[in-house]
Amino acid sequence: MARKGAAERLARRGRELLQAGKASEALELLQQAASRAPQSPEIQEDLAEAYRQAGKLLPALRAFDRVIELGAASATTWRRTANTLADAGEFAQAIGAYEHSLEKDPSSAEAHHNLARALYRLGQIERAVEHLLKCASCSEAIDPWLSLATVMPGCPSADNRRIMEVRRAFASRLKESQPAKSQRRANRRKRSGEPLRLAYLSSFFDQANYMKPVWGLVNHHDRTRFHVTLLRDSPAARGMPGYEPRSEDQVLETGGLDNEELSNMIADARFDILIDLNGYSAPERLGLFLQPVAPITVAWFNMYATSALPGIDFLVGDDATVRQDELPYYTEQVLCLPLSYLTFQVGHPSPPVVEPPCIRNGYLSFGSLATQYKICPAVVAAWAEILRRAPSARLVLGNSTLKSIHNRQYVADQFAILGVEKDRLTLFGPADHYRFLQYYDQIDVALDAFPYNGGTTTMEAIWQGVPVLTFDGDRWASRTSQSLLRRTVLGDFVAGDARAMVEMAVGLAHDPSTPETLARLRRSLRQELAASEVCDTARLAVEMERIYESICR
């Protein structure tokens with residue numbers, strides 16, 4: 001009894017420290033308590049939570065497993081177990097744990113929301129949306145609406161109207177959730193031949209591979225007509241690789257500012273145009289645009305649907321991504337460039353282009369290095385049909401989600417259900433960027449995801465000599481790749497619809513001339529791209545400057 005009493009005292013003190021956010025101190029006490037009372041599920045669960053908060057995920061999972069073995073797992077136990085699995089990137093296992101939690105407590109908003117996140121990471125978009133709506137129905141929190149607004153452009157069943165409705169609903173709730181703030185909007189300056197003052201805001205300036213279009217534009221700006229300021233929300237220590245510094249430019253560190261402070265900084269600086277490069281990829285900055293923050297605010301590069309935020313005046317796309325009959329589904333004015341809005345410049349190290357693998361393999365390898373959340377069931381079904389109808393072909397997939405053996409098995413099972421054996425799949429996990437690009441050495445033809453196309457993925461595939469098969473989709477997000485490909489020698493790889501894309505892939509797999517055709521294309525593609533419109537970032541700068549001057553007039 002003394003031993004049990006000592007364990008309870010240690011556990012009680014450990015819980016207090018845990019609630020105070022002192023996980024490391026709590027962990028030591030809870031380990032002692034668990035050693036004295038190994039059959040106590042309550043102590044095991046507290047120990048598991050302490051491990052989790054201390055970032056020690058595997059020991060946390062072992063402790064949660066002990067609670068489950070003791071037959072004492074509650075809805076909270078299963079939810080915490082699932083959260084830990086998700087933190088470890090084990091989304092396939094997390095799904096089952098969340099489902100156990102919801103069996104015991106169907107009204108848990110947290111379980112619905114986090115299950116949706118796990119489903120989303122594995123490409124189950126429709127199921128994710130279903131659980132986000134359930135979360136929204138039993139919670140007043142803004143989180144499910146932010147998640148819905150973020151994922152909706154890639155939801156197969158959504159159309160432009162639905163995307164706008166969800167994003168408007170999120171913007172309305174975000175505004176209601178924000179306390180009144182003293183954000184100021186600067187008035188337009190009276191100009192007398194001075195350069196227009198541009199400010200680019202991004203949380204990703206440190207990612208050279210992602211910033212290919214951005215640095216292509218910024219590095220070519222005419223500094224006699226435009227003064228450039230970079231509002232750096234990315235870590236200063238990681239630099240801005242790809243940016244070519246100019247003495248006239250200004251870099252302001254903004255990562256430590258809240259939205260009110262940043263708004264006031266922008267007002268004090270009296271920029272003419274603020275250009276947001278984040279979109280919904282930096283949710284903490286969305287509140288900045290609940291009201292006008294600069295004389296003119298433009299969203300470009302990372303916005304492929306309406307933002308529905310009242311502080312954004314213009315979106316910049318191109319005539320391949322936005323159709324005239326879709327303009328009513330944007331709350332901003334959409335401006336179209338006469339070239340791809342993702343015209344890019346490669347300023348980071350890239351592996352040399354190699355011969356297509358079909359030359360040595362004797363069969364065609366299709367592939368995709370898209371993030372797993374873009375590979376939804378409709379995509380899996382299309383790719384599985386290609387493989388069934390081309391029995392010698394293989395499929396190569398690579399992304400960070402596939403680091404987990406359980407996630408890989410989950411993906412393989414999706415194909416197995418559709419009649420594609422696991423030995424026809426090659427699944428790669430994450431790697432440093434250079435080695436990741438070398439995965440393309442094992443791909444003959446890349447298959448685009450839909451309705452959420454590749455952007456950076458498409459640029460990198462074609463730069464590595466790998467043509468991308470895509471089609472003309474039903475929204476901006478599903479036309480990104482064609483915006484690039486139609487302006488290169490790869491225009492013939494753009495199909496009219498998903499059915500036509502499948503037929504093109506099957507035809508390539510059966511055509512005996514395909515290996516030599518791909519070899520010829522691959523040997524010259526990088527040089528042809530560099531000389532093509534899609535890499536003409538000097539012209540991109542000229543056209544964007546025309547837009548800036550026009551909207552300022």
What's the spacing between [X] [atom1] and [Y] [atom2] if we round to 0.5 Å?
X      : Y      : atom1 : atom2 : answer
Thr480 : Phe450 : OG1   : CZ    : 14.5 Å
Asp448 : Leu485 : CG    : CG    : 8.0 Å
Thr297 : Leu309 : OG1   : CG    : 10.5 Å
Leu277 : Trp300 : CG    : CH2   : 6.5 Å
Glu284 : Asp258 : CD    : CG    : 12.0 Å
Leu252 : Leu257 : CG    : CG    : 9.5 Å

Open item on the list: Which label fits His221 and Tyr200: parallel for a plane angle under 30°, tilted from 30 to 60°, or perpendicular past 60°?
Closed with: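 Aromatic pair His221/Tyr200 classed tilted.
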TODO: Look at the aromatic rings of Tyr330 and Trp476 and report parallel, tilted or perpendicular, splitting at 30° and 60°.
DONE: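 Tyr330 and Trp476: tilted rings.
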Answer yes or no: are there more than 12 heavy-atom neighbours, outside [X] itself, under 6.0 Å from its atom [atom1]?
X      : atom1 : answer
Glu140 : CD    : no
Asp492 : CG    : no
Arg117 : CZ    : no
Arg168 : CZ    : no

Is the closest basic N to carboxylate O distance between [X] and [Y] below 4.0 Å?
X      : Y      : value
Asp472 : Arg323 : yes
Asp474 : Arg161 : no
Arg223 : Glu545 : no
Arg232 : Asp206 : no
Asp249 : Arg246 : no

Check whether [X] reaches the backbone of [Y] with its side chain - one donor and one acceptor, N or O, closer than 3.5 Å.
X      : Y      : answer
Gln438 : Pro351 : no
Arg486 : Gly491 : no
Asn264 : Ala267 : no
Glu332 : Ser307 : yes
Trp145 : Ser172 : no
Asn278 : Ser281 : no

TODO: Could you walk me through whether Arg173 and Glu176 pass the salt bridge (Lys or Arg N to Asp or Glu O under 4.0 Å) test, one step at a time?
DONE: CA-CA 5 Å; Arg173 286 167 172 80; Glu176 291 172 1; over 6 Å; no
TODO: Please name all residues satisfying side chain to side chain donor-acceptor pair (under 3.5 Å) with Thr457, sequence neighbours left out, ordered by chain then number.
DONE: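 Thr457: no side chain to side chain donor-acceptor pair (under 3.5 Å) contacts found.
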Tell me, do [X] and [Y] make a side-chain contact under 4.5 Å, heavy atoms counted?
X      : Y      : answer
His348 : Lys212 : yes
Phe471 : Val494 : no
Asn259 : Val293 : no
Tyr452 : Val379 : no
Leu231 : Leu274 : yes
Tyr210 : Asn302 : yes
Glu549 : Arg553 : yes
Val468 : Leu490 : no

TODO: Measure from NZ or CZ of Arg167 to the centre of the six-membered ring of Tyr280, then state whether that distance is under 6.0 Å and the direction lies within 45° of the axis.
DONE: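 The answer is yes, since Arg167 meets both limits relative to Tyr280.
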Task: For Phe428, ring pair (Phe, Tyr, Trp, His ring centres under 6.0 Å) partners two or more places apart - done: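 Applying ring pair (Phe, Tyr, Trp, His ring centres under 6.0 Å) to Phe428 gives Tyr439.
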To check you understand the geometry: which heavy-atom pair defines the closest contact between [X] and [Y], and what is its length?
X      : Y      : result
Pro153 : Arg475 : O-NH1, 3.1 Å
Phe204 : Met211 : O-CG, 3.4 Å
Phe493 : Met504 : CA-CE, 3.8 Å
Leu133 : Arg162 : CD2-NH2, 4.3 Å
Leu397 : Leu369 : C-CD2, 4.4 Å
Leu540 : Pro213 : CD2-O, 4.0 Å

Hydrogens and angles aside, do [X] and [Y] bring a side-chain donor and acceptor to less than 3.5 Å of each other?
X      : Y      : value
Thr488 : Ser532 : no
Asn453 : Arg479 : no
Gln442 : Ser365 : no
Thr401 : Gln372 : no
Thr321 : Asp318 : yes
Glu460 : His433 : yes

Task: Worked check of side-chain contact (heavy atoms from CB on, under 4.5 Å) between Leu262 and Leu201 - done: CA-CA 10 Å; Leu262 178 54; Leu201 172 65; 4.3 Å; yes
- [ ] Quick one: do Gln178 and Lys175 satisfy side-chain contact (heavy atoms from CB on, under 4.5 Å)? Show the steps, please.
- [x] CA-CA 5 Å; Gln178 301 289 306; Lys175 187 172 184 178; 5.9 Å; no
Open item on the list: With side-chain contact (heavy atoms from CB on, under 4.5 Å) as the criterion, how do Leu132 and His113 come out once you've worked through the C-alpha distance, each side chain's angles and the decisive distance to 0.1 Å?
Closed with: CA-CA 6 Å; Leu132 288 172; His113 185 265; 3.6 Å; yes
TODO: Please report the C-alpha distance between Val411 and Asn407 in whole Å, then the side-chain angles of each, then the deciding distance to 0.1 Å, and finally whether the side-chain contact (heavy atoms from CB on, under 4.5 Å) criterion is met.
DONE: CA-CA 6 Å; Val411 171; Asn407 294 345; 5.7 Å; no
Open item on the list: With ring pair (Phe, Tyr, Trp, His ring centres under 6.0 Å) as the rule and sequence neighbours excluded, what pairs involving residues 236-265 come up?
Closed with: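 Matches after skipping sequence neighbours: Trp215-Tyr243.
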